[in-house]
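Position 1 is the first residue of the sequence; numbering continues from there.
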Amino acid sequence: VGILLQMFLAADPLWWRYMLLICILPGLGSLPFVCLYYPESPHWLLVNKKQAELEALLLQLAATNGVEPLEGGKCAPCSEAEEHTGSFILRQEWWRKYDVADIAELFSAPLRGSTIFCTAVWVVCGFVYYGHIFIYPVLLEDVWHLTASEAYS
């Protein structure tokens, strides 16, 4: 798709900006729907002691997947779950110190490594993927002296 669009936009020196815009639009268009209709995770509901919402979500997920929920969809309250999981994260309750809405917290000591790692992976994947799409027509022209239509005919 990228090569075909580049053929039509080749005369415009800003063709790469149009290509980038085309790649970004589906994500931007779906963002409001994800924010409005995507349910909270069961873990988040458990940690924030939203027991009724958690059980309703588990029942909905079980019905969607066509399975019978364990224990009738009932969950242990968060205090009991903390005792039984043995999870460091649940026992230490480190999440209570942070307000999720504050972006600066992504670079605080406990989250800094994960934030940098995820950002680096995202940037590398983006450059690898879009680098192939955008550099291929240039290589066709500069290295092999072909246009995209000549290369595929």
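Leu46 contributes atom CG, which lies 7.0 Å from atom CD of Gln51 (distance to the nearest 0.5 angstrom). Atom CG in Asn65 sits 10.5 Å away from atom CD in Gln60 (nearest 0.5 Å).
Across all non-hydrogen atoms, the minimal contact from Glu40 to Leu57 is O-CD2, 3.2 Å. Closest of all the heavy-atom pairs between Gly27 and Ser30 is O-OG, 3.1 Å.
One hydrophobic cluster holds both Leu58 and Trp44 under the rule that ILVMFWY side chains link at heavy-atom gaps under 4.5 Å. Under a hydrophobic-cluster definition in which Ile, Leu, Val, Met, Phe, Trp and Tyr are linked whenever side-chain heavy atoms come within less than 4.5 Å, directly or via other members, Leu54 and Leu59 are assigned to different clusters. Put simply, Phe33 and Leu36 are part of the same group of oily side chains (I, L, V, M, F, W, Y) that touch within less than 4.5 Å, one to the next. Taken together through direct or relayed side-chain contacts under 4.5 Å among Ile, Leu, Val, Met, Phe, Trp and Tyr, Trp122 and Phe127 form part of one hydrophobic cluster.
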